[in-house]
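Contents: one structure, followed by commentary.
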Amino acid sequence: MTADRRLHMIILGMILLFTAVACQQQPTAIPTSPPATAATEVAPAIEPSPTAEPVPAYLNPTLPAAERVEDLLGRMTLAEKIGQMTLVEKNSILPTAVTDYFIGGILSGGGGYPHTGNTPEQWAEMVNSYQEAALGTPLAIPIIYGVDAVHGHNNLKNATIFPHNIGLGASRNPELVQQIGHITAIETRATGIPWNYAPVIAVPQDIRWGRTYEAYSENTALVSELGVAFMQGSQGEDLGAATAVLATPKHYIGDGGTVWGSSTTQDYMLDQGDMQVDEATLRALYLPPYEAAIDAGAQSIMVSFSSWNGTKMHGQQYLLMDVLKGELGFAGFLVSDWQGIDQITPNYYEAVVISVNAGVDMNMVPYDYLRFINTMLTAVENGDITEARIDDAVRRILTAKFNLGLFENPYADTTNIGLIGSAEHRALAREAVSQSLVLLQNETGTLPLSKDARIFVAGAFADDIGVQSGGWTIEWQGKPGNITEGTTILEAIGATATGEVQFNKFGRFDSFDPPADVGIVVLGELPYAEGWGDAADLSLSDSDVELIRRMGEQADKVVVILLSGRPLLITDALPLAEAWIAAWLPGTEGQGIADNLFGDHLFTGQLPYTWPASMEQLPLGAGDEPLFPFGYGLTTEN
Ligand code: BGC
Ligand code: BGC
């Protein structure tokens, strides 16, 4: 070999080596902001060798996702594949186990903020610590981290909290909902989380359900329209962007259609119960929002805890495999709900076999992941689950991971952290609150109020961020009190009125002679989530009615503001106040309520649910004339 040729070979070798190293490091590329916990260099997936084995196709971002998936799948062991199907809640697993068992997904449940504290930086560090562990596996497949950001990034303290979906249903405004999806995605992804368990596209037929407020409406078409809008806002044009997250329409299917008393979970009545309808009804009422979501690019869908005519949805091969994946062509992955597979039958082995064969691709275990992994291994050994089914599941999961750009940017991109809870984001939430309010009654032109009126405000809920935000805020069940930053209704009234404003939570004012011009009473429901909120009786409490009555003795006119996750029974109390406003669960921006009260913003909201006159009118369709029909809502002139 001539000296020239040798030099040529050396240079060529160096180029190859350099390219190999550069490409191979891509999946574990230096994060935009290096994770605090990941000070050490993460080892590249495959040791670069001077013989320069070609870069695996799955690491090549210029190849189409499908090609990368096939390449990666071909390199995976059975244990690695099962790991991809395993979703664990973060309090049940340490990062080291993510490496040891090739875990594919981690989630925070309701209230699942970091142990270290509840700041955006601490969230990003937590997510990164699991990611670093995943990248330490031989193939360096990133985890996907999920969370319920159902009305803003609601587990994160001081995030922007939007009205719950029931209020957005009242707005009838898909552009608004799309923007909310987008802003929620920005705040969520800025903490390192690329996957959101939202939107709920249930079509509740019984407002006694504790999840009524999580859904947009009892009306199928409205749910489809707003569900799609939220999804598009969340996913944007490019799922890999720092402003996008993967949306997860849930819970497939008919979760809002269960029969009172049919639930077998704890003391739940409707939640996780049985939907008893024929297939034509199921298809007409509950399926269209999923059809619309799939057409709009849904790549993950969560299965419902509930049953259809006695069979748990997690084991419904016909609905999951044939209808959703077959007929509707859903090519994304199906994730179970929290321990949902376990509910199919008490025999765990059977439950797993039934569910995976029925079409569940990823199991939100969420606690005992070793039991799940070992059960899967046994099931494959026994031939009860085929490797082909596993490959199909893993293919779907990996496709979403590639689309999210996780192989290129696995760590939190915290560029947008400064936008979390920003004035700009809160301004959108405030506008959403204004558009969500439904004016139920407005006698003698009580509203809008004059800003210089003398005002009494009563009801503890008037000054409570936790109550006005409802369930799924900082904690799973929500929590009254000063749990996060925001503007209470009382603060908003105080900031807008120019006259005297007095507050007493019990409605006892010293100086009511002469009476106030206006008495505002804020009351409703304490926070709840899921089956905890199933309620046999939606009546106002006696003390609430008494509070309205007492206010009537101390003010010329009374305005009632209801904070609730659904219509409450107000038939008898209606005459006690001139004006009634359904404010739902508005979130942190109480100023939106004052904007409408004082005429800076018109009331335009329309009821997303029929408002019953009595409990006998539930579920929907029972009994006669409701108090207010679906779509009802007064407006104010300004
Ligand atoms: C809920 C889901 C939620 C999951 C994770 C379940 O109990 O039904 O809606 O996504 O928990 O928090
Ligand atoms: C979690 C929730 C979950 C629920 C299910 C709670 O501990 O925080 O996210 O939905 O359990 O029972």
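In listed order, ligands and their atoms are each counted from 1. Computed from a predicted model, the values in this text were never measured in an experiment.
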Heavy atoms of V245 and N196 approach each other most closely as CG2-CB, 4.0 Å
Would you check whether E89 reaches within less than 4.0 Å of ligand 1, judged by its heavy atoms?
no
What part of W476 sits under 4.0 Å from ligand 1 if we count only heavy atoms: the side chain, the backbone, both or neither?
neither
Can you confirm whether or not the ring centre of Y609 sits under 6.0 Å from the ring centre of W584?
no
Under 6.0 Å between ring centres, would you say that holds for W472 and H164?
no
So the atoms of ligand 1 within less than 4.0 Å of a heavy atom of K250 turn out to be 2 (C), 3 (C), 9 (O), 10 (O)
Nitrogen or oxygen of E530 less than 3.5 angstrom from that of ligand 1:
yes
Aromatic ring centroids of F402 and F407 under 6.0 Å?
yes
With atoms numbered from 1 as shown, which atoms in ligand 1 lie under 4.0 angstrom from a non-hydrogen atom of M302?
2 (C), 10 (O)
Please state which part of E214 comes within less than 4.0 Å of ligand 1, counting heavy atoms only: side chain, backbone, both or neither.
neither
Counting from 1, what ligand 1 atoms have a heavy atom of G109 closer than 4.0 Å?
12 (O)
Is the distance from the ring center of Y101 to that of F372 below 6.0 Å?
no
Using a 4.0 Å cutoff against the non-hydrogen atoms of R211, which atoms of ligand 1 qualify?
1 (C), 2 (C), 8 (O), 9 (O)
Do D274 and K312 meet the salt-bridge criterion of a basic N to acidic O distance under 4.0 Å?
no
Taking side-chain hydrogen bond (donor to acceptor under 3.5 Å, both in side chains) as the cut-off, I'd like each qualifying pair that reaches into residues 287-302, sequence neighbours left out, listed once.
W195-S300, T248-S300, Q299-N403
With respect to Y197, determine whether any N or O atom, backbone or side chain, lies less than 3.5 Å from an N or O atom of ligand 1.
no
Which ligand 1 atoms does H251 reach within 4.0 Å, using its non-hydrogen atoms?
2 (C), 8 (O), 9 (O)
Of the listed options (V335, V147, D337), which comes nearest to atom 8 (O) of ligand 1 when hydrogens are ignored and any heavy atom counts?
D337
Taking salt bridge (Lys or Arg N to Asp or Glu O under 4.0 Å) as the cut-off, I'd like each qualifying pair that reaches into residues 314-324, sequence neighbours left out, listed once.
none
